[in-house]
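Reviewing the structure listed below.
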Amino acid sequence: MSIATPTQNPQSYLAAQERWRPVEIVFWLAALLPFVLFPDYLTLASQIAITGLFALSLDLILGYAGIVSLGHAAFFGIGAYTAGVLTKYGWGEPITGLLISAAVAALAGYLSSLVIARFRHLALIMITLGLGLLLHEIANSAHWLTGGSDGLQGMQVWPLLGMFKFDLYGYTAYTYSLIVLLIVFVMARRLIHSPFGLALRGIRENWTRMPAIGANRQAHIRKIYTIAAAMAGVAGALLAQTVGTVSLEAISFGRSADVLVMLVLGGAGRLYGGIVGAMIFMIARDQFSGIAPQYWYFWIGLLLIAVVMLLPNGVLGGLSALINRWRSRS
Amino acid sequence: MRGSHILSAGAALLLATATAQAADTIKIGLIMPYSGIFADTSTQMDGGVKLYLQQHGDTVAGKKIEIIRRDAGGVAPDVAKRLAQELVVRDKVDILAGFVLTPNAMAASDVSAQASKPLVIMNAATSIITTKSPYSVRVSMTLPQVVTPLGEWAAKQGIKNVFTMVSDYGPGIDAEQAFQKAFKAANGEVLGSVRMPVNNPDFSPYVQKAKDSNAQSVFVFIPAGTQPAAIMKAFVDRGMTPDKVKILASGELTDDSALKNLDNSAVGVITAYHYDHSHKSALNETFVKDYRAANKGENPNLLAVGGYDGMHLIYEVIKKTGGKVDGASFIAAAKGMSWESPRGTIAIDPETRDIIQTMYIRRLESVNGKLQNVEFDKAERVKDPVKAAMSK
């Protein structure tokens with residue numbers, strides 16, 4: 001995350017960032033462990049992968065471009081409802097469903113980016129919050145289409161690739177979610193380590209200077225906002241397809257807030273921050289609520305306060321600070 | 001750099017180890033919103049479950065009953081479905097039960113159908129839920145089951161026309177449609193209707209509309225809690241007191257949580273419901289007394305009765321089948337079963353697996369200085385009208 005030193009030329013800086021590190025390969029191999037070690041937890045694992053993907057999409061706009069959003073669930077919800085409505089009305093093929101949902105969410109993202117790109121900080125919080133609430137209310141009143149507060153019913157998701165049914169143990173769900181997460185992650189990684197990604201970080205760091213050095217700030221923000229919306233839509237569609245229903249909760253303020261918390265927990269502005277945050281949050285939630293169904297929120301709250309106080313840059317930020325200190329000492 | 005989270009994940013996952021299932025134990029997985037804004041509903045429902053276990057012991061037909069509780073935390077079908085899956089594959093539960101909220105019950109029904117596990121719905125009240133799994137059974141109610149008899153009753157009393165006011169969400173719309181249908185079928189006239197926002201509504205403009213319609217009666221459906229006091233105040237402010245206009249509602253309007261905020265101006269409101277703690281029967285008296293003793297003097301409501309009756313159904317089925325609780329045996333035994341509940345005699349419809357029960361028509365009265373729903377009429381053996389219409 002360090003900004004390039006003046007002596008290094010940009011091409012070699014980006015190329016060095018682009019290289020896959022051994023620990024990343026270990027990370028993705030470890031993602032296969034649940035199949036062997038915790039086959040009873042595959043459904044949870046698949047929902048973690050989906051939430052991680054959603055958090056990654058928020059990271060692109062919040063962590064890299066500095067666009068604060070309290071309404072990112074709008075795109076998650078649009079993706080989920082698109083996938084849901086498609087399967088309900090006869091097109092149950094998951095992969096094309098995913099692509100169509102991404103396209104619809106991207107369109108919504110593009111349209112709202114026309115407004116988003118003009119504002120910053122507090123105004124952005126208000127606008128994204130307002131857009132999120134607006135869409136939530138639309139989904140509630142479009143009862144005939146979304147099922148309103150009863151949730152969308154009658155989804156028939158076809159087997160994946162025509163072969164793999166979504167089973168009770170969650171083998172298909174986890175395999176499917178993990179592969180989609182990996183593909184989207186690789187794309188996001190490539191994007192972040194491109195000159196475009198570097199420009200985004202420039203916009204985050206100095207909003208007024210970027211146009212001065214020739215970067216079209218608004219166009220960049222529109223682009224990344226649209227991409228992030230499409231990714232959030234994919235995550236929503238994945239959830240809809242693996243769960244087989246969509247509720248208003250998919251598009252609620254609560255989901256926007258949760259994903260923000262997860263991202264901050266893991267570390268914003270780091271590719272793995274969202275995924276790690278989703279892992280910690282959801283595993284902690286699963287374990288705490290298993291022990292005390294009434295009072296688990298207390299422990300989650302305590303965990304969040306502890307992380308934010310002790311590790312202001314999230315778990316990954318704390319880890320990399322530790323490693324840097326250890327390296328400079330040896 | 002970023003490897004250590006794998007260890008933390010592994011450690012956390014190891015915390016929960018699958019337990020081997022003993023053959024003489026029957027496990028029940030309860031899924032309810034124990035945390036969040038719906039936590040009160042779970043307190044009531046779980047209170048009913050606990051009371052039943054306390055009164056009847058945790059062993060039935062030689063089988064020990066073990067309860068595993070899971071928190072769905074509000075409207076979250078994805079969480080509810082995952083919890084149901086995990087309860088089935090990891091905790092090896094035999095029966096899924098609970099369910100306050102419709103979307104959660106629907107999502108868990110998929111698991112019930114896929115894994116052939118019985119699913120006992122103790123509250124969620126949308127008609128179609130029971131059609132999602134052939135192994136589900138409901139012991140609570142459906143909203144049309146409550147308001148259809150009310151519509152018929154109102155027309156029979158000579159009420160010629162009505163103005164309906166409902167909250168603009170699933171249950172409100174269901175209530176509006178069922179009431180209007182029943183009232184119109186009995187030659188009543190609907191002069192107008194409004195749908196009001198679910199969250200923090202200002203009722204005055206809607207009440208004004210109702211007044212302008214000059215309807216003889218008003219039908220109201222809003223969520224229990226603080227809203228009933230607000231809408232009653234709006235009625236009183238505009239002179240629409242129950243002695244001038246008949247105010248008809250489903251029991252949520254005069255639920256215990258609402259009565260705390262209502263005053264004598266609400267006396268005369270007419271509601272239909274399947275349970276109130278003031279219902280007169282020997283069984284209900286013990287039920288209310290024991291429930292209060294176990295819950296700091298709190299009165300049981302429909303959710304507590306749902307939990308209680310759900311457990312009763314499970315116990316009776318286990319007795320009847322001698323402990324066979326696979327989906328098919330459970331449902332075969334549950335179909336047509338009839339028993340005395342604190343709310344009166346109830347039965348499971350053999351065709352729809354939904355509940356058949358008595359709907360009481362009550363008038364809100366001041367009894368010894370306290371507001372109380374006094375039953376004065378009833379409709380017996382009411383089935384869910386929506387599914388009855390489907391099968392025709």
Side-chain angles (χ1 to χ4, degrees), chain A residues 21 23-24 26-27 30 33-34 37-44 46-47 50 137 140-141 143 147-151 153 167-170 239 242-250 252 254 266 270 272 276 279-280 283-287 289-297 315-316 319-320 323, chain B residues 1-6 8-10 12-16 18 30 32 34-36 39 42-43 46 68-83 85-86 88-91 101-104 106-107 110-111 114-115 126 128-129 132 168-174 195 197-198:
Chain A
R21 300 191 186 84
V23 66
E24 291 182 84
V26 172
F27 175 91
L33 282 178
L37 293 182
F38 317 108
D40 295 348
Y41 283 87
L42 291 181
T43 319
L44 178 65
S46 96
Q47 294 191 357
I50 293 166
E137 203 42 50
N140 182 31
S141 32
H143 196 271
S149 62
D150 286 344
Q153 301 306 331
D167 58 301
L168 213 51
Y169 282 78
L239 189 74
T242 53
V243 173
T245 175
V246 188
S247 77
L248 284 178
E249 189 270 340
S252 67
R270 291 158 193 282
Y272 288 86
V276 171
M279 282 174 71
I280 297 173
I283 292 172
R285 181 191 159 142
D286 183 61
Q287 292 302 319
S289 72
I291 299 162
Q294 283 99 337
Y295 309 116
W296 60 271
Y297 245 112
V315 173
L316 290 185
L319 276 180
S320 75
I323 291 166
Chain B
M1 165 188 85
R2 281 154 201 176
S4 75
H5 61 274
I6 297 157
S8 70
L13 289 177
L14 276 176
L15 280 175
L30 287 182
M32 301 181 192
Y34 284 98
S35 68
S42 296
T43 311
D46 212 2
I68 302 174
R69 295 179 165 83
R70 289 287 182 266
D71 174 31
V75 181
D78 48 333
V79 177
K81 185 170 184 188
R82 173 166 60 78
L83 292 174
Q85 282 175 316
E86 289 174 353
V88 169
V89 302
R90 192 194 310 154
D91 298 308
L101 303 159
T102 295
N104 297 4
M106 297 267 214
D110 285 345
V111 178
Q114 219 173 345
T126 305
I128 52 165
I129 301 174
K132 283 272 279 184
D168 192 4
Y169 75 130
I173 295 161
D174 285 354
R195 292 180 182 172
V198 193

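Lettering follows sequence order; numbering is per chain, from 1. All values below were derived from every heavy atom in this structure, side-chain atoms included, with hydrogens, water molecules and symmetry-related copies excluded.
Of the two parts of Thr242(A), only the backbone, made up of N, CA, C and O, holds a non-hydrogen atom closer than 4.5 Å to a non-hydrogen atom of chain B. Residue contact with chain A, scored on non-hydrogen atoms closer than 4.5 Å, involves the backbone and the side chain of Ala115(B) alike. Looking at Ala72(B), only its backbone comes within 4.5 Å of chain A, counting heavy atoms on both sides. Proximity to chain B is limited to the side chain of Leu239(A), based on heavy atoms less than 4.5 angstrom apart. There is no contact between Glu137(A) and chain B, counting heavy-atom distances below 4.5 Å. Looking at Ser247(A), the atoms closer than 4.5 Å to chain B (heavy atoms on both sides) sit in the backbone and in the side chain alike. With a threshold of 4.5 angstrom between heavy atoms, Asn140(A) approaches chain B through side-chain atoms but not through N, CA, C or O.
Taking chain B as the reference chain and counting heavy-atom pairs below 4.5 Å, the highest number among Glu249(A), Gln47(A), His143(A) is found for Gln47(A). Of the listed residues (Thr102(B), Val89(B), Asp168(B)), the greatest number of heavy-atom pairs within a distance under 4.5 Å of chain A belongs to Val89(B). Options Lys132(B), Arg70(B), Met32(B), Gln85(B) differ in how many heavy-atom pairs under 4.5 Å they form with chain A, and the most are formed by Gln85(B). Contacts with chain A were tallied for Val111(B), Leu83(B), Val75(B), Asp46(B); Val75(B) has the most, counting heavy-atom pairs under 4.5 Å.
Not a single donor-acceptor pair under 3.5 Å links the side chain of Asp78(B) to the backbone N or O of Val243(A). Of the possible donor and acceptor atoms, none in the side chain of Asp150(A) sits under 3.5 Å from a partner among the backbone N and O of Gly170(B). Looking at Asn104(B), its side chain does come within 3.5 Å of a backbone N or O of Gly74(B) through a donor-acceptor pair.
Side-chain contact between Asp174(B) and Thr126(B): present, with at least one pair of heavy atoms (C-beta onward) separated by less than 4.5 Å. Arg90(B) is listed as a side-chain neighbour of Tyr41(A), based on a closest heavy-atom distance under 4.5 Å. Counting only heavy atoms from C-beta outward, the side chains of Arg82(B) and Asp286(A) approach each other to under 4.5 Å. You'll find the side chain of Arg270(A) reaches within 4.5 Å of the side chain of Ser320(A), heavy atoms only.
Here the straight-line distance linking atom CD1 of Ile173(B) with atom CZ of Arg195(B) works out to 4.5 Å at 0.5 Å rounding.
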